Undergrad: 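Please read through the structure below; I'll follow up with questions.
We name chains A, B, ... by the order of the sequence lines, and we start the count at 1 in each one. Model, not experiment: these values are computed from the prediction. Atoms considered below: every heavy atom in the structure, side chains included; atoms not considered: hydrogens, waters and symmetry mates.
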Protein chains: 2
Amino acid sequence: MVVSEKTSKSTRIQRARREEILQAALEEFSQHGFRGASINKIAKRAEMSTPRLLYHFKDKEALYRELLKSTLLLWLGPLQMLSDTDEPIEEICAYICRKLEMSRKFPRQSRLFAGEIILGVPLGQAEVFEPLRATFESKIDLLQSWMKSGRIAPVDPHHLIYSIWATTQHYADFEAQIADLSPQKMPGLYTQAEGFLLPMYRKYLAVE
Amino acid sequence: MVVSEKTSKSTRIQRARREEILQAALEEFSQHGFRGASINKIAKRAEMSTPRLLYHFKDKEALYRELLKSTLLLWLGPLQMLSDTDEPIEEICAYICRKLEMSRKFPRQSRLFAGEIILGVPLGQAEVFEPLRATFESKIDLLQSWMKSGRIAPVDPHHLIYSIWATTQHYADFEAQIADLSPQKMPGLYTQAEGFLLPMYRKYLAVE
DNA sequence: AATTTTTTTGATCACGTGGTCAGTTATTGT
DNA sequence: ACAATAACTGACCACGTGATCAAAAAAATT
């Protein structure tokens, strides 16, 4: 089984340049989407010529794919940390906090991810998203076990996760709208969001 | 005050062609975003030549702008219907249902709107969104009056609306992801979503 | 029926796009 | 020091983009 072909062969120069490129690519792709972004502008942002960029990534899609892969891993982190405990409600609240933290710290990654799902670039039926599916299903099981043992209220676990994703990512993805409508400036907003969301889920999931 | 310049002059041919074009444009823009969409493909989809399309809309941005304008109106409808009543919780639940219905019936419009906010096409500091702001603020006031009179629990009204937007739109905007992760097929999903969301908000907003 | 106005066409434009390639320079291992 | 390989450059290409325009066709008005 070939795991990653020739990772060992990657030079430090390769690693350095690829990092610079990915940085610039994140900026462009998250602002304009896959089709709207141009490798020329990405190259310019990374302070190099287009052929030089294409020396390190064989084409636009390969670049996007890799960026998306690492973004998915980042995105998935908080969910993977969700594990069995004797205080499941607090565990879920901690997950919500991690997701909010994610939106606050990495809004561009969040938007890249959102853009990909909304616009749906055809990536050969995206095996990129496979890890998500596996993790998701295992956490669904975990939630169901908590419900069966009566430690959290019995609600649909799928929609529970969807709603957490929706409410937390919303602050990064729709930042433009929220910034326009909120009296509060952006940083303090996340504290407010926490103050709103945690009690909501606590009440909903409380056993009694 | 010039309301709409020369609406009276619009021929039935103009109205018909513009409608065909807007239909095709919705498809393309919602799938590829503003920059990713091409007027050539929109024209092809509407079964006409590009110059013919450009005869009815002076340029790409004008077409997008108009599409976005009508979409915003559609999007805003459910919120505008929210009005004072002696059963505020049920009024809010009805609003949630309307938003879910919106996602189910007009997913492309929802995605167009989401894409616009996430990617943020520079539309001359978008006066397009002005009506949203006004409606939003008046509904915030309404919610606050309900809270002050103790008819719903005192929670942050801004975040309450954000969370409703987030959870309801999520089903349209992230349809690809949800369809991939859900055992249930799409139509039934909205019934489930309602079954999950309404109790959550009912519990959270209950006065006692 | 004649004329004016609206609508449509086909040819064409400059430009930015993603991408290639032969050749040059820098880096590396021996 | 030298050969081999990695890293980069500049010129270039075919193509799709948004958009224009003169002229033709169709419709509406008289």
Undergrad: In whole Å, what is the span from the CD1 atom of A:Ile13 to the C1' atom of C:dT28?
TA: 9 Å
Undergrad: Contact between B:Leu160 and B:Tyr201 at the side-chain level, heavy atoms closer than 4.5 Å - yes or no?
TA: yes
Undergrad: Expressed in angstrom and rounded to an integer, what is the separation of B:Met48 atom CE from D:dA19 atom P?
TA: 16 Å
Undergrad: Could you tell me whether A:Ala37 contacts a base, only the sugar-phosphate backbone, or nothing, with contacts defined as non-hydrogen atoms closer than 4.0 Å?
TA: sugar-phosphate
Undergrad: Side chain of A:Pro51, heavy atoms from C-beta onward: which of C:dT20, C:dT9, C:dG19 has the nearest atom to it?
TA: C:dT20
Undergrad: Using whole Å, what does the distance between atom P of nucleotide C:dT6 and atom CZ of B:Arg15 come to?
TA: 14 Å
Undergrad: Between A:Gln177 and B:Tyr162, does any side-chain donor sit less than 3.5 Å from a side-chain acceptor?
TA: no
Undergrad: Is it true that B:Phe136 and B:Trp165 have ring centroids separated by less than 6.0 Å?
TA: yes
Undergrad: Which one of B:His56, B:Gln23, B:Glu66 satisfies the side chain to side chain donor-acceptor pair (under 3.5 Å) criterion with B:Arg18?
TA: B:Glu66
Undergrad: Atom CZ of B:Phe57 to atom P of C:dT7: distance rounded to whole Å?
TA: 13 Å
Undergrad: Answer yes or no: does a side-chain N or O of A:Arg17 lie under 4.0 Å from OP1 or OP2 of D:dC8?
TA: yes
Undergrad: Taking only N and O in the side chain of A:Thr11, is any of them less than 4.0 Å away from OP1 or OP2 of D:dA7?
TA: yes
Undergrad: Where each residue is assigned the nucleotide of DNA chain D containing its nearest heavy atom, which of A:His56 and A:Arg35 is assigned the position nearer the 5′ end?
TA: A:His56
Undergrad: Without hydrogens or angle criteria, can the side chains of A:Glu101 and A:Tyr190 be said to hold a donor-acceptor pair below 3.5 Å?
TA: no
Undergrad: Taking the six-membered ring for Trp and the full ring for Phe, Tyr or His, determine whether the centres of A:Phe196 and B:Tyr204 are under 6.0 Å apart.
TA: yes
Undergrad: I want to check one thing: is the phosphate of C:dT6, taken as OP1 and OP2, less than 4.0 Å away from some side-chain N or O of B:Gln14?
TA: no
Undergrad: The side chain of A:Lys60 is closest to which nucleotide in this list: C:dG19, C:dT9, D:dA28?
TA: C:dG19
Undergrad: Using whole Å, report how far CD1 of B:Ile21 lies from C1' of C:dT8.
TA: 12 Å
Undergrad: Round to the nearest Å and state the distance from A:Arg18 atom CZ to D:dA6 atom C1'.
TA: 15 Å
Undergrad: Would you mind telling me which of C:dG18, D:dC8, D:dT17 lies closest to the side-chain atoms of A:Ser38?
TA: C:dG18
Undergrad: Looking at D:dC8, C:dT9, C:dG19, which one has an atom nearest to any side-chain atom of A:Ile39?
TA: C:dG19
Undergrad: Among C:dG19, D:dG10, D:dC8, find the nucleotide with the atom closest to the side chain of A:Leu54.
TA: C:dG19
Undergrad: Tell me the interatomic distance from B:Lys41, atom NZ, to C:dT17, atom P, rounded to whole angstroms.
TA: 15 Å
Undergrad: Looking at A:Ser49, does any N or O in its side chain come under 4.0 Å of the phosphate oxygens OP1/OP2 on D:dT9?
TA: yes
Undergrad: What nucleotide among D:dA27, D:dA19, D:dG18 has an atom nearest to a side-chain atom of B:Asn40?
TA: D:dG18
Undergrad: How many whole angstroms separate atom CG of A:Leu53 from atom P of D:dT9?
TA: 12 Å
Undergrad: Just N and O in the side chain of B:Tyr55: are any of them under 4.0 Å from OP1 or OP2 of C:dT8?
TA: no
